[in-house]
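To keep things clear, I will list the structure first and then write my remarks on it.
Protein chains get the first letters and strands the later ones, always in sequence-line order, with residue 1 at the start of each. Worth knowing before you read on, the calculation uses all heavy atoms, side chains too, and leaves out hydrogens, waters and symmetry mates.
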Amino acid sequence: MVSFILRRILVSILILIAASFLMYVMVGYSAQPLQDLEGSNSPNKQQLIDARVALLDLDVPPPLRWVLWLGGVAKCAIPFANACDLGSTISNAQVIDILPNALAATVQLVTFALVLAILLGVTIGIITALRQYSGLDNTVTFVSFFLYSLPVFLVAVLLKEFIAIGFNDFLRDPVIGTGALVVIGLVVGAIWQSLLGGDRRRRLVVFLVSGLATSGVLLLMSATGWFMNPGLGPIPVILLVAAIALGAATLLAGLRNRRALITAGINAAAAIAAYFVLQPLFDVSSAGTLFILALATIAVGLISGFLAGGYDRGQNMRVGLVTALFSGAVVLVDRFMQSWGALLTATNGRPIATVGSKTPGLSGDVWLAGLDTFVHLTLPIIALLLISFAGYTRYSRAGMLEVLSLDYIRTARAKGLPERTVVVRHAFRNMLIPLTTLVAFDVGALLGGAIITERIFAIPGMGSLFNAGLSRGDLNPVMGYFLIVAAMAITFNFLADMAYAGLDPRVRIR
Amino acid sequence: MSIRGKLFRKSLSGVAVLGVAALALTACTTSGSTDTNTDAAASGGTVTVAVVNDFTSFNGQTPQSNLDTNGQVGYLMGNYASAFSYIDNEFNIVREEKFGTFEKTSDDPQTVTYTLNPENKWSDGEPVTADDMVLAWAIGAGYYNDSTVDESTGEVATGTTYFEIAASTAGLDTTAFPEVSEDNLSMTLVYDTPYVDWELVNPIAQPAHIVAKKAGLGSATELTALLKGLPKGDPAAPAEPDATLKAAADFVNTGYDVTAFPTDPDLLVSSGPMVPTGWTPGQSFTMERNKFYVGGMLPKIDKLILRVIPDANAQVTALQNGEVDIINPQASADTLTALENTGADVLAGDQVSYDHLDLRFDQPVFADLSVRQAFLKTVPRQQILDSIVTPVNPDAKILDSQIWVPANAPYDDSAANNGSSDYAEVDIEGAKTLLAGATPSVRILYNTNNPNRVDEFQAIQESAAKAGITVVDAGSPDWSSLLEGGDYDASIFGWISPGVGSTGIAQIFSTDGGGNYNQYEGTNDDAILTQTTLDPDELIAIEKRMDKQMFTDAYGLPLFQLPGVFGVSKRVSGVEYMGNQTGPFWNFWDWSVTK
Amino acid sequence: MSTPIGSGSTPSPTEIPADELAAASSVPESQGRLIWRRFIGNKVAVASIVVLLVIILFSFSAIGIGPIPGWWKFGFKELNPQVNGGDPTLSLVPQFLGGDGMSMGEHPFGQDRIGKDYFAMTMRGIQNSALVMVVLGLIATVVGVVVGAVAGYYRGMVDAVLMRITDVFIVIPALVIGSVVGQWFGSLGAPVLAIMLGFFSWMGIARLVRGEFLSLREREFVEAARVAGASDARIIFKHILPNAMGVVIVSATLIMASAILLETALSFLGYGIRSPDVSLGLLISSNQSAFQTRPWLFWWPGAFIVSLALLVNFVGDGLRDAFDPRHRRFKLSKMRETRPEPELDSQP
């Protein structure tokens, strides 16, 4: 195992060095870092050119310059020496100094997009696999192909135009028209009925109930000015938490499992109690508080599951954990919503942002800051995740179908296991195995997509660093970008292999 | 018993864990202050302006930091193109006499005296004195440099370059060490040879007391004493570098380059109306009013935020969404209409940069005047203007002068008399007559990555073909390095007209000028003469003569000024169009926020 | 499927694209027929390939190719006087419905700012996108197949070296290496750009083909060929490759679909095909600001990009279904979508 990892790391470093040479030489020969000066009519043009040539060693041909650059990079390997030298930009900023900021912005974006894409994609993929050839399945298939074929920047432009500006305009007079209510109700009803399935009568009932309920709630929200002053309030929180507890227990253990129900109940009760008791603490919370609370939530979920006992403690702990996390999230969301008013004031009533990752000059508590980040990053994340979302839907649907057709599933069904158990406990895990490889590939695609997304949403991440550097012929930031991205790609590939081995007992790491 | 003991221990450790958690929780809370808007009390309001590039340096005058955003911040901080005077949107030099005055006291030798308002203070409370002006002079004049540069590597071969600046030292380099008055508030410069652009000299740069401190000196006075004691540098006989001056210069050259908001308050010291108060790299740069500023550029607003948005379309959406108040995007007709639809105020005008077609006089095909004239007669300037500029700026006209832009006063008169009317319209027949049956072939160099130039090239190619001139595409993305010595007959590219001042004229139109890529010699004497002519009327007369000469010689044709657009949110008033690099910031003191 | 055949008979000579013909011709008859039948049975895929070909033929016939003129009156570089203020003259509402009748008009898609006909430009964009798609796809496939086949067949040192080289290329995200290549070669025209991009897109196929070869080379028919004295090249290309054709064709299609989007993204960033040549991506990105004001400048090329990519994806999906010969092994790239699963649908 250790020797495997060491070997992998060594090979990865060699690959990184070779790829960096390829990249350096290609960018080096295509770059024209002197263009702006050569075309200028400044009297001391030659002097300026000389200064830039001296700053960036432009008189050295790219392959040799790469050696110089690699020498600087190699210094990063010296521990604690802080001697990293990734060169400087045309404007004399050290690349090593500007990388961390850019990296943070991109990692934030890409991580959220990746996690959401996997969660949504896999969920929808499984649902469509279970409802194969239904209207929902066909629609999702078409939509995912459509998303697959959509240029990222097209999506981004549309999102800005319709979601950001459209929603902000809506907030000026937040009343949903009757026509819109009807349409939303119809669409939601149609989605629910195809999700739940069943015979015609059941579908009709589901359609009517869900459609009417949605329209009704929206009407209520619009009548009470909810959009200007949102919040869940005690009763919806209790209802939501109860629904989460019930759902988690049903999905993971089945309603007949009393111990699981008890676990879910304990966690739901704890969440509701927390909702009422912790509000004063929330008011003085910092990010650290929230982190500790999150840890506490996880602990409560796991411990309650363990204590509830029964023949399958692992299952109970999972139920506990899922209930605790989701209920906790509901409580948090409620608290975040309470800061909406402050955000509206700070942004002149137009909260959804189209540029940047935070409102300049906004200072507030963790809730306001969190909400501010949310309204800035939602659209870029959506634009980014749509690319990979389609892939996950397709692959998890196909994977689920493949797995469900295997003999062992047939056996499981034959011995009378309920469908829930078959899907959740037998099929799900095996379906995940090939997806790990996809994740590794997808990280590369997301990092590439971030170049475009960051440009459109003016987020100063790695992508903008790369793009600005490449178009200006500024080699060092491009190489800084490359180093990080390549290292990330290699790391994720490695992690994927480890995950593969972890999930698939047939694979052994030597 | 043992079971009970185990249980006891377990519950005890449980309690301990809970206790630690509670402790950690309390440690991680905030004071609970819920104030969200810090500037609620201020009345002037905040204006947010979109900029294309991020900020990189508090000294925007070094070669590596000479970028628009740095220059704009410098303008607001008083260390770049503001202080004693500024340039208005009609390219007049406007004196800012509350800060200080300057006057030319003698023409021979040219002598200029600068006098500061004694009330002036830096934003750390220190007074602004002649020491600061002497430092600015030392930086701008390159007085102490004795270096020679190795052309092949760009490295200094011998001697020392102290202060590195993006601007040319021309002009100030002929001054002797300035004379400082008794009260330490005025400085007198004596030029060895007359300097035409003396009014553009703005001797306030970095605070001398800070530079002195960073160089290990006790005060600004000591720095001045040091400067006074050192001889003028001579590249022919380089001296040992002076360690203290080198330290001061190194600080000025690179000490202001930053990648995060500095923790050292010394870097933020400003003599201008605004001081920097925050920077989120890549996103926004915040400036607030300098409470020590007593000059005349006193802003009405409290806070100015520069928001970095590189993409032009993203700027428009951001304005539409109320995230920024002023944008200055790369303009297209659609941008303009989109802005108008959003309900923002749209200010359109000309930029100082203009595209032009130059013919190379050293190429055989253009050796003959009639061929040059014939080719120029086929250039569809109106059509190019109509397709590229008019949709953005409906008032735009063809540029008819090689020297001035319409915002300059002498333009109208010169354009009417310089012979540009010969090329006002496409004259295919006239071209054919001039060619007398010849079918020359012209290779045009242009930037293939610039859609405007590509469109210009296509229009010229198509029109020239009608007169029997074959235009060959010699465009390249690498055009700039081909300008000098490339294989082409004519070129389309852009100059940035400074709007004011005459230094650029010698650069482009004298025989040895670095910008004279087309080897034109017809205006050499006049171009050199402009550099030392101090009488404005005489200067204009010379420049008119040059303008006319160039059209007579069929030098080439100016095509158009790039159109520029400002989008201004309805909540901000007082913004006016400006075509140079200062952009919308030029009259920031007039801005006010209406609710 | 374990019987290799040098030259199988072509299933049916109707509208099959060239690469598919090549594939079908080197696959045993029964297998080929089976695949063909499966593909033909997939209505979406067949319809997609027909529409795709129609769009491409339409674009080539409209403005011609190279010196050969097409039926449309304007070229994509020609400057024309502005008609109708540059607005589109296309009219699709028939007269009896109160419209202006079905007519193309002078400039059906409008004109750009210097009067170039936008219809001709869009057609040129389709041509270039199709060109990039095919050229990039072919080069990536050929290089990938050769590298993968050699690595998988010879194993050992050769495999190790080739796969490390593949790793070197695969470390850089496609859009990143694409931008660099585009920055360098974009101004040399669409064919050069497509070729260069192709040389940086073969890694996925190489890996897949290698995997196929690793398992196929152990099979009896390879052993038989080897005993019969066939050369390595013959074994690789005549015996093993035909059996790996399914993987190759399916991934080639997917690469082609992503090639369109890659070119579009590059054009958006300014590293793609440069003016005065035209690509759909260039059109849409240079008219981004027209989104609210002259939407047709944005939507025509946009619609064609999405259609082309969508159609190619559908074709690829159909091919994947048709080629999927194995059930026993789970493999993402060979996922089967159309197998009926009656027992599933009846489950609650």
Closest non-hydrogen atom pair, Pro460(A) against Pro281(B): CG-O, 3.8 Å

Parallel, tilted or perpendicular, as decided by the 30° and 60° cut-offs, for the rings of Phe58(B) and Phe55(B): perpendicular

Option in Ser464(A), Gly356(A), Ala353(A), Ala156(A) with maximal non-hydrogen atom pairs under 4.5 Å from chain B: Ala353(A)

Geometric class of the His356(B)/Tyr354(B) ring pair [parallel <30°, tilted 30-60°, perpendicular >60°]: tilted

Nearest non-hydrogen partners of Glu38(A) and Ile49(A), listed with the distance: CG-CD1, 4.1 Å

Segment of Asn66(B) engaging chain A (4.5 angstrom heavy-atom cut-off): neither

Heavy-atom proximity to chain B below 4.5 Å, by part of Ile352(A): backbone

Shortest non-hydrogen contact between Ile456(A) and Ala314(B), atoms and distance: O-CB, 3.4 Å

Under 4.5 Å from any heavy atom of chain B - which part of Gln35(A): both

Ile90(A) portion near chain B, given a 4.5 angstrom heavy-atom threshold: backbone

Heavy-atom proximity to chain B below 4.5 Å, by part of Ser357(A): both

Proximity breakdown for Asp57(A) and chain B, heavy-atom pairs closer than 4.5 Å: side chain

Heavy-atom closest contact (Ser88(A) atom, Asp474(A) atom, distance): O-OD1, 4.3 Å

Side chain / backbone / both / neither for Asn92(A) at chain B, heavy atoms under 4.5 Å: both

